[in-house]
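Report on one structure; see the data block that follows.
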Amino acid sequence: MEAIWTLGSPPSGQFSPLSGQTRSDVVIIGAGITGLTTALSLAESGMHVTVLEAHTVGAGCTGGSTGNLYSTLAKGLAPVRKKWSDEVLRDVVASRSQAIDSIEATVSRFGIDCGFHRRPLYRLVAQGKESMRDALEEERQAMLAAGLTVQEAESNALPVPIITGVKLENQAQFNPLAYVRGLARELVHLGVTIHEHSAVRDVDYKRGVVETEAGAVEAEHIVHATHTPKGINLLQSVMLPSREYGVSARLKPDSAYPQGTFWVLDDFHSLRSYHHDGDDYLMVIGEKHKVGEGEVDDVYPRRLRDYLSDNFDVQDFTHAWSAQQYSPADELPYIGRWHGRDKVYLATGFAADGLVWGALAGAILGDLILGRDNRWHERFDARRFTPVKSAKQWAKENVSVATHFVPGYLSVSKLESLDDVAPGQGKVATLEGEKVAIYRDDDGKVSVLSAVCPHMKCLVHWNDIESTWDCSCHGSRFDTQGEVIEGPSYHPLARRTKDS
Ligand SMILES: Cc1cc2nc3c(=O)[nH]c(=O)nc-3n(C[C@H](O)[C@H](O)[C@H](O)COP(=O)(O)OP(=O)(O)OC[C@H]3O[C@@H](n4cnc5c(N)ncnc54)[C@H](O)[C@@H]3O)c2cc1C
């Protein structure tokens with residue numbers, strides 16, 4: 001599954017892996033929008049920064065996102081208003097508008113070719129969803145309270161049947177992968193050292209040393225720009241990890257491609273167009289589910305393809321992909337210092353709005369490290385304690401986590417023989433008294449791994465759509481050989497003897 005953004009992005013593989021020991025003022029783990037924006041802010045002030053990326057620049061959620069930049073939130077501002085206040089609403093919108101402006105300024109300063117355009121954003125109620133009228137009205141009031149200028153959406157904004165909607169002008173879109181890869185190239189000119197294929201396996205906080213398989217970086221400041229912090233962190237117990245899918249298509253000749261960000265409340269589909277090298281594409285994102293709890297087969301991408309075919313004149317489908325998000329418990333992201341560690345920083349809880357939160361986080365973390373004031377830090381402080389605002393999700397998350405811990409997990413079958421696992425299939429089973437994750441590839445070769453997630457000892461689940469092992473508890477994901485794809489785990493699934 002590959003996202004559309006490789007069309008129009010510089011190729012990956014520009015940076016060599018870390019090898020040997022080195023020193024830096026700051027080490028940033030993760031080269032998505034958060035890590036690279038933080039690096040920019042520090043490099044401009046003369047700090048020496050090393051960025052360690054497990055895969056390639058932008059290969060995380062940044063390169064799997066939709067590339068929309070907006071001052072509101074996908075879930076809406078109304079939930080923030082309910083939990084917080086109009087003052088917080090105004091801060092959310094003002095800080096996000098500032099972050100979008102800063103992305104635009106970076107694009108123009110370095111001439112990054114990433115298709116940045118100002119575009120309107122629509123929030124539309126689909127026909128048949130009359131019950132969502134009230135929610136839209138509540139959202140309109142929240143937008144107004146936040147200081148946004150809200151217009152009525154045109155009734156023909158999309159060919160999808162719509163009953164009502166609102167429109168915000170002057171939001172934006174870009175190719176997120178092209179942006180971060182272009183930014184990475186410029187950072188090198190500013191003295192930043194970037195290493196790809198350099199997964200951090202451990203951090204010794206006492207000595208300030210970040211270790212990969214082949215090397216180590218010693219630094220005064222350590223930034224976890226890894227979407228969710230690596231290792232064990234309190235915030236993981238209140239965030240909800242979920243996956244969402246995207247597909248893109250070309251339409252038949254002379255079809256119109258809608259220009260803007262379109263959120264259709266039908267339950268939720270996000271649509272936008274993309275122009276590259278003389279061709280137009282239309283994409284739809286949706287079908288969200290909790291990590292590790294998805295359906296089997298091609299069901300989610302298929303539903304999205306059906307959605308496009310039902311509403312547009314599709315000529316052919318070009319890409320399909322998925323990405324992960326971490327929703328915060330109290331509707332706001334967590335940006336700042338790690339609990340109990342003053343020179344360790346993190347930025348997480350971005351939900352589906354983190355291109356903008358990531359750009360904002362880069363500015364906040366840069367200022368914290370440089371000892372400068374930042375007007376937004378207190379509002380989004382990662383150390384804030386909001387038990388009342390967070391309680392509902394905390395309870396929901398922890399009931400869910402409890403059902404996936406090894407001793408309490410009931411639905412593991414006992415496997416009589418490895419032949420019970422078909423080619424291309426994975427299965428969690430009890431084999432010789434141990435919970436194992438068994439995968440048989442299309443050539444019949446079997447790999448047997450421990451099914452226990454190294455992060456916090458939950459059981460992984462087979463993800464039939466992406467052929468991965470996914471942990472529902474905190475979102476760690478592993479490939480069929482057990483290597484970490486994403487999530488908080490530093491370590492791969494342990495290998496067990498092969499019997500193929
Ligand atoms: C389907 C979908 C669509 C979205 N669309 C939008 C959108 O249109 N607009 C918007 O604002 N937001 C959107 N988001 C959210 C947004 O994409 C993310 O919040 C944002 O990209 C997060 O950026 P990041 O840099 O913090 O994380 P990432 O981009 O995930 O970067 C983290 C990096 O850390 C690396 N890493 C992890 N572990 C290690 C390790 N051990 N060692 C070294 N490196 C490591 C990863 O490989 C990765 O490259 C969307 C999310 C989803 C799921």
Side-chain angles (χ1 to χ4, degrees), residues 1-3 55 59-61 64 240-248 267 284-308 317 319-326 400-401 403-404 406 409-431 435-455 458-487 489 492-496 498-500:
M1 291 175 105
E2 185 179 72
H55 306 288
C61 194
L240 178 76
S242 45
R243 295 197 69 70
E244 215 172 351
Y245 299 80
V247 302
S248 60
D267 298 310
V284 61
I285 278 74
E287 300 293 336
K288 187 164 111 176
H289 65 82
K290 191 171 187 319
V291 175
E293 295 184 358
E295 293 184 36
V296 294
D297 229 347
D298 184 34
V299 53
Y300 302 112
R302 195 175 62 232
R303 281 186 199 148
L304 292 176
R305 286 193 291 270
D306 290 349
Y307 182 85
L308 284 185
F317 292 100
H319 295 77
W321 68 98
S322 72
Q324 191 148 310
Q325 52 172 286
Y326 298 87
S400 165
V401 165
T403 61
H404 296 282
V406 175
Y409 196 75
L410 301 175
S411 66
V412 176
S413 55
K414 199 163 170 216
L415 201 71
E416 300 301 334
S417 150
L418 290 178
D419 293 344
D420 292 356
V421 183
Q425 287 279 298
K427 200 167 191 170
V428 174
T430 305
L431 194 68
K435 307 275 191 299
V436 288
I438 305 164
Y439 170 70
R440 183 184 293 278
D441 71 15
D442 289 337
D443 298 329
K445 200 164 154 225
V446 174
S447 54
V448 183
L449 306 163
S450 166
V452 180
C453 175
H455 176 235
C458 295
L459 277 192
V460 295
H461 297 250
W462 177 242
N463 173 339
D464 201 42
I465 298 179
E466 298 172 85
S467 295
T468 57
W469 297 109
D470 296 1
C471 180
S472 306
C473 286
H474 307 102
S476 291
R477 299 182 60 239
F478 307 86
D479 68 18
T480 54
Q481 302 310 303
E483 192 45 65
V484 182
I485 300 171
E486 65 184 312
S489 181
L493 294 175
R495 279 182 174 276
R496 296 295 179 246
K498 269 196 217 159
D499 184 7
S500 47

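The residues of the chain are indexed from 1 along the displayed sequence. Please read all numbers here as calculations on a predicted model, not as lab measurements.
D470 has no carboxylate O lying under 4.0 Å from a charged side-chain N of K290, or vice versa, which leaves the two without a salt bridge.
Residues K288 and D267 form no side-chain contact, since every pair of their non-hydrogen atoms from C-beta on lies 4.5 Å or further apart. Looking at Y307 and V247, their side chains never come closer than 4.5 Å, going by heavy atoms from C-beta outward. The side-chain heavy atoms of V446 and V421, taken from C-beta on, include no pair separated by under 4.5 Å.
Not counting sequence neighbours, the partners of P492 by the side chain to side chain contact (heavy atoms under 4.5 Å, CB included) test are R201, E483. Residues satisfying the salt bridge (charged side-chain N to carboxylate O under 4.0 Å, His left out) test with E295, not counting sequence neighbours, are R303. The salt bridge (charged side-chain N to carboxylate O under 4.0 Å, His left out) check on D464 picks up nothing, with sequence neighbours excluded. Applying the side chain to side chain contact (heavy atoms under 4.5 Å, CB included) criterion to A323, with sequence neighbours excluded, gives C61. Every residue meeting the side chain to side chain contact (heavy atoms under 4.5 Å, CB included) condition with H455, not counting sequence neighbours, appears here in chain and number order: I232, Q236, C453, H474, S476, P488, S489. Among residues two or more places apart in sequence or in another chain, the side chain to side chain contact (heavy atoms under 4.5 Å, CB included) test is passed with I485 by T468, R477, D479.
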Where do R440 and D419 land on the salt bridge (Lys or Arg N to Asp or Glu O under 4.0 Å) test, with the steps shown first?
-> CA-CA 9 Å; R440 183 184 293 278; D419 293 344; 3.7 Å; yes

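The nearest pair of heavy atoms linking V436 to A451 is C-CB, 3.6 Å.
In summary, of the residues considered (V452, V448, V484, L449), a side chain to side chain contact (heavy atoms under 4.5 Å, CB included) with L493 occurs for L449 alone.
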